[in-house]
Amino acid sequence: MRFIKKKLQDNLSVSSKLFLRALFANAKRTTSYAVNVPFEFAQRVIEVAAPKLSTRSYSLEPYQLPEIEVVPVASLLAQTVSAALKSEDLKTSIIIPVFNKAEFTLGCINSLLQEINLNETEIIVVDNASTDETPEMLSILGDLVRVIRNEENRGFVDACNQGAAVARGQFLVFLNNDTKVLPGWLDHLLTTIENRRSVGAVGSMFLYPDGSIQEAGAIVWNNGEAHHYGWSALPGDRRF
């Protein structure tokens with residue numbers, strides 16, 4: 001069993017890993033033997049058995065947005081949402097490092113504007129010298145976002161630190177630009193960190209487009225290896 005698991009890490013596709021993962025889970029209930037199965041045999045089992053078994057399929061392709069004209073959509077969004085801030089006493093600063101992929105950034109900002117109160121929360125976008133429509137799109141969004149523009153790509157960590165340095169909120173939220181936030185996401189984060197004095201940082205549950213869990217937090221084992229808690233499970237499972 002350990003031999004196969006090692007091979008899973010090195011050779012198989014994600015879909016194959018998921019299939020064998022379910023296979024291992026069932027096997028653990030019925031046997032206590034450790035079997036050395038050749039990798040070629042395990043691969044052949046997947047090829048033959050997978051199409052015949054009733055397993056839940058997962059779509060783990062990168063998040064894709066429909067093709068849109070980024071600049072006109074950004075202009076419409078800017079006209080629709082009011083950005084008149086009534087208070088400088090902001091509670092939250094959302095920091096989004098970006099490099100190209102303007103459509104992802106626009107989709108992310110659009111989802112944020114449906115959920116946040118701009119009187120309490122600011123959006124800071126750190127543009128790492130994008131070469132696509134990102135600079136024009138961010139300019140059109142105007143006061144909806146605060147923009148930091150770099151002359152060169154300084155990387156994710158530096159961009160996060162740049163955003164944090166100018167943030168006015170009590171809490172910092174770091175967000176990838178290919179994220180779509182869901183209703184109540186920010187309230188849950190703030191409630192957790194405000195009501196538990198021992199908590200210094202809080203992370204959301206991340207879902208793939210098909211609704212399965214990418215991670216519901218992470219575990220670092222004693223040997224230093226990390227594991228995405230809840231990976232591939234259903235978000236309705238109360239363990240997560």
Engineer: Quick one: CG on Leu106 to NZ on Lys101, what's the gap to the nearest 0.5 Å?
Structural biologist: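 Answer for the CG-NZ pair, Leu106 versus Lys101, is 14.5 Å.
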
Engineer: Where is the tightest heavy-atom contact between Ser93 and Gly169, given as atom of each residue plus distance?
Structural biologist: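 Looking at all heavy atoms of both residues, the shortest contact is OG-N, 2.8 Å.
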
Engineer: Are the side chains of Ile96 and Leu112 in contact, using a 4.5 Å heavy-atom criterion?
Structural biologist: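 A side-chain contact exists here, since the closest heavy-atom pair is under 4.5 Å.
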
Engineer: Measure across Ser232 and Ser212 and return the closest heavy-atom pair with its distance rounded to 0.1 Å.
Structural biologist: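 Closest pair (atom of Ser232, atom of Ser212, distance): O-CB, 4.1 Å.
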
Engineer: Within a reach of under 6.0 Å around CG of Asn223, are more than 12 heavy atoms found that belong to other residues, nucleotides or ligands?
Structural biologist: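 Atom CG in Asn223 is crowded, with more than 12 foreign heavy atoms closer than 6.0 Å.
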
Engineer: With the side chain counted from C-beta on, respond yes when Leu182 and Leu207 share a heavy-atom pair under 4.5 Å apart, and no when they do not.
Structural biologist: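 In contact.
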
Engineer: Once salt bridge (charged side-chain N to carboxylate O under 4.0 Å, His left out) is applied, what residue pairs with a partner in residues 107-116 remain, sequence neighbours excluded?
Structural biologist: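 Not a single pair qualifies under salt bridge (charged side-chain N to carboxylate O under 4.0 Å, His left out).
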
Engineer: Could you check whether any side-chain heavy atom of Phe171 comes within less than 4.5 Å of a side-chain heavy atom of Val202, counting everything from C-beta outward?
Structural biologist: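 They are not in side-chain contact.
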
Engineer: Start with the C-alpha distance between Ile109 and Leu113, add both sets of side-chain angles, then the distance that settles side chain to side chain contact (heavy atoms under 4.5 Å, CB included), and finish with yes or no.
Structural biologist: CA-CA 6 Å; Ile109 292 173; Leu113 293 175; 3.9 Å; yes

Engineer: Using the rule that Ile, Leu, Val, Met, Phe, Trp and Tyr join whenever any side-chain heavy atoms are under 4.5 Å apart, tell me whether Ile193 and Leu172 fall into a single cluster.
Structural biologist: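 No, no single cluster joins them.
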
Engineer: Got a donor-acceptor contact below 3.5 angstrom from the Thr192 side chain to the His188 backbone?
Structural biologist: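 Yes, because the side chain of Thr192 sits within donor-acceptor range (under 3.5 Å) of the backbone of His188.
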
Engineer: Side chains of Thr92 and Leu189: does their closest heavy-atom pair fall under 4.5 Å?
Structural biologist: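 No, too far: nothing below the 4.5 Å cut-off.
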
Engineer: Can you name the closest pair of heavy atoms from Met137 and Val70 and give their distance?
Structural biologist: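 So the minimum-distance heavy-atom pair works out to CG-CG1, 3.4 Å.
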
Engineer: When you measure from the side chain of Asn176 to the backbone of Asp178, do you find a donor-acceptor pair of N or O atoms at a distance under 3.5 Å?
Structural biologist: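 No; zero donor-acceptor contacts below 3.5 Å.
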
Engineer: Do Asn177 and Val125 have side-chain heavy atoms sitting under 4.5 Å apart?
Structural biologist: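 No. Closest side-chain heavy atoms not under 4.5 Å.
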
Engineer: Is it the case that one hydrophobic cluster holds both Ile94 and Leu118, taking links as side-chain heavy atoms less than 4.5 Å apart, direct or via other members?
Structural biologist: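 Ile94 clusters together with Leu118.
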
Engineer: Before giving the answer on side chain to side chain contact (heavy atoms under 4.5 Å, CB included), spell out for Val181 and Leu175 the whole-Å C-alpha distance, their side-chain angles and the decisive distance to 0.1 Å.
Structural biologist: CA-CA 10 Å; Val181 301; Leu175 206 60; 4.2 Å; yes

Engineer: Hey, could you give me each pair passing side-chain hydrogen bond (donor to acceptor under 3.5 Å, both in side chains) that has a residue in residues 145-159? Not counting sequence neighbours.
Structural biologist: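 Qualifying pairs, neighbours excluded: Glu122-Arg146, Asn128-Asn150, Asn128-Asn153, Asn150-Gln162.
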
Engineer: Of all heavy-atom pairs between Ser130 and Pro135, which one has the smallest distance, and what is that distance?
Structural biologist: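 Ser130 and Pro135 have their closest heavy atoms at O-CG, 3.8 Å.
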
Engineer: Could you work out, with ring-ring contact (aromatic ring centres under 6.0 Å, His included) as the rule, every residue matching Phe240, not counting sequence neighbours?
Structural biologist: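 Here the qualifying residues are Tyr229.
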
Engineer: Given Ile123, which partner from the list Ile95, Leu144, Ile116 fulfils the side-chain contact (heavy atoms from CB on, under 4.5 Å) test?
Structural biologist: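 When Ile95, Leu144, Ile116 are each tested with Ile123, the side-chain contact (heavy atoms from CB on, under 4.5 Å) holds only for Ile116.
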
Engineer: For the atom pair OG1 (Thr105) and CG (Asp132), what is the distance rounded to the nearest 0.5 Å?
Structural biologist: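 Output value for this atom pair is 8.0 Å.
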
Engineer: Are Val157 and Ile124 connected, step by step, through hydrophobic side chains (Ile, Leu, Val, Met, Phe, Trp, Tyr) whose heavy atoms are closer than 4.5 Å?
Structural biologist: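 Shared cluster, no.
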
Engineer: Please check if Phe174 and Val166 belong to a single hydrophobic cluster, counting links between Ile, Leu, Val, Met, Phe, Trp and Tyr side chain heavy atoms closer than 4.5 Å.
Structural biologist: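 They do share one cluster, since a chain of ILVMFWY contacts under 4.5 Å joins Phe174 to Val166.
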
Engineer: Using every non-hydrogen atom in the two residues, find where Ile140 and Ala78 come nearest and quote the distance to one decimal.
Structural biologist: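 Heavy atoms only, the tightest pair is O-CB, 3.5 Å.
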
Engineer: Calculate, to the nearest 0.5 Å, the distance between atoms CG and OG1 belonging to Leu90 and Thr121 respectively.
Structural biologist: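 Taking CG in Leu90 and OG1 in Thr121, the distance rounds to 7.5 Å.
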
Engineer: Identify the two heavy atoms, one from Phe99 and one from Ala129, that lie closest to each other, and give their separation to 0.1 Å.
Structural biologist: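 Smallest heavy-atom distance, with atoms named: CE1-O, 3.6 Å.
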
